[in-house]
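This report refers to the structure that appears directly beneath it.
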Number of protein chains: 2
Amino acid sequence: MVDTTHEMQIGELAQMCHITTRTLRYYEDIGLIEPLRRLEGGFRVYGPETLARIQHIQELKDLLGWSLEEVKGVIQAEDEVDNLRSQYRQSRTDQERLAVVKQATGVIESQLAMVSERLGRLDGMRGTLQAKLQRYGELEAELREQVRSQEGKL
Amino acid sequence: MVDTTHEMQIGELAQMCHITTRTLRYYEDIGLIEPLRRLEGGFRVYGPETLARIQHIQELKDLLGWSLEEVKGVIQAEDEVDNLRSQYRQSRTDQERLAVVKQATGVIESQLAMVSERLGRLDGMRGTLQAKLQRYGELEAELREQVRSQEGKL
DNA sequence: TCATACTCTAACGTTAAGGTAAAGGCGCCG
DNA sequence: CGGCGCCTTTACCTTAACGTTAGAGTATGA
């Protein structure tokens, strides 16, 4: 069960995500998120699911370097599967629901492939960095020795 | 030894890097790269080191998501260490050279830390993706079963 | 020597992802 | 009910990283 107890307004949510309210409204503009509902005055009200959603968005954006437009495609596919469980859009036939799951599976698989590829390249990068660090260490030792011998001459 | 035999002009280099000539000139503008020399007519001439340099730049940009300005800082530190070996700027004292190596070591170390952190987060992401894939697989099997039983009713 | 393909500089255009400011409502405390 | 802090929309501004076009020069094979 999702904790529906802690509702919040845009400022608090922004703080928890370490982003600005402007960014949240912008994400809403481009269809990435939506408030649970609004107060009479028009104030946006969010639940904790949105916090998780934002974090998910930031992972896709920062870790995979995707644009918000690309991110949108992915989470929309995920959303559709989530909606299969709820009564919302229960109207689909089972064949249609199967198609939705298949499509989302494809999205996740390609995402997984991308993550794996990145893991490989990052690991390669780590290797070269470690090698470079070792070379620098040796160079430093060498230079230290030279400095020492020069100090001896004083 | 670096292969100095294969010199090329901007178009060929662009093709090998899968970028445009515009991008290469832009990188030059902001001080990321420089041609080996120019022909009389002003045409840029590059060596193969530049190809490696561009690939390095793209790794930092794409894999770590750094801006070109951040990339510049890193490769400048690396350049300085490389210059220690050549007669260029041989004028430094050993203390100064030691300082350069130390600074570059710091740069590489923080780079390594960042790579490691990203590796960890990416690995976590892979885990959740695999879990999600499994759930989708189960859901798909379930739906398939429902479709089968409905076909039986026809 | 001429045509063709490549290159040069300079300058304006574009897009994503927000930043910032203005002018005005809302909610609640005292 | 007055003030204070948060929220609303609208609208213009900014920056990075190039794209694109124009107008002119260069290199080279036929």
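Everything numeric here is computed off the predicted structure, so don't read it as measured data. Just so it is clear: chains get the letters A, B, ... in the order the sequence lines come, proteins before strands, and each one is counted from 1.
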Not counting sequence neighbours, which residues clear side-chain contact (heavy atoms from CB on, under 4.5 Å) with [X]? List them please.
X	answer
B/Arg38	B/Glu28, B/Pro35, B/Arg44
B/Gln15	none
A/Arg144	A/Glu140, B/Leu98, B/Lys102

* Indicate for each nucleotide in nucleotides 17-30 of chain D, in 5' to 3' sequence, whether protein heavy atoms under 4.0 Å reach the base (B), only the sugar-phosphate (S), or nothing (-). => BBBB----BSS---
Could you give the [atom1]-to-[atom2] distance, from [X] to [N], as a whole number of Å?
X	N	atom1	atom2	result
A/Ile33	C/dG18	CD1	C1'	14 Å
A/Leu24	D/dT9	CG	C1'	16 Å
A/Arg38	D/dT8	CZ	C1'	8 Å
A/Gln58	C/dA17	CD	P	12 Å
A/Arg44	C/dC26	CZ	P	14 Å
B/Asp29	C/dA11	CG	C1'	12 Å
A/Glu28	C/dA17	CD	P	17 Å
A/Arg25	C/dA16	CZ	C1'	20 Å

* Please collect all salt bridge (Lys or Arg N to Asp or Glu O under 4.0 Å) contacts where either partner lies in residues 112-130 of chain B, sequence neighbours excluded, each pair once. =>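 Applying salt bridge (Lys or Arg N to Asp or Glu O under 4.0 Å) to every pair that reaches into residues 112-130 of chain B, excluding sequence neighbours, yields B/Glu117-B/Arg121, B/Asp123-B/Arg126.
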* To do: Any salt bridge (Lys or Arg N to Asp or Glu O under 4.0 Å) involving residues 55-76 of chain A? Give me the pairs, sequence neighbours left out, ordered by first then second residue.
  =>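 Sorted pair list comes back empty.
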* Could you tell me the separation between the CG atom of B/Leu32 and the CG atom of B/Leu68, rounded to the nearest 0.5 Å? =>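 CG of B/Leu68 is found 5.5 Å from CG of B/Leu32.
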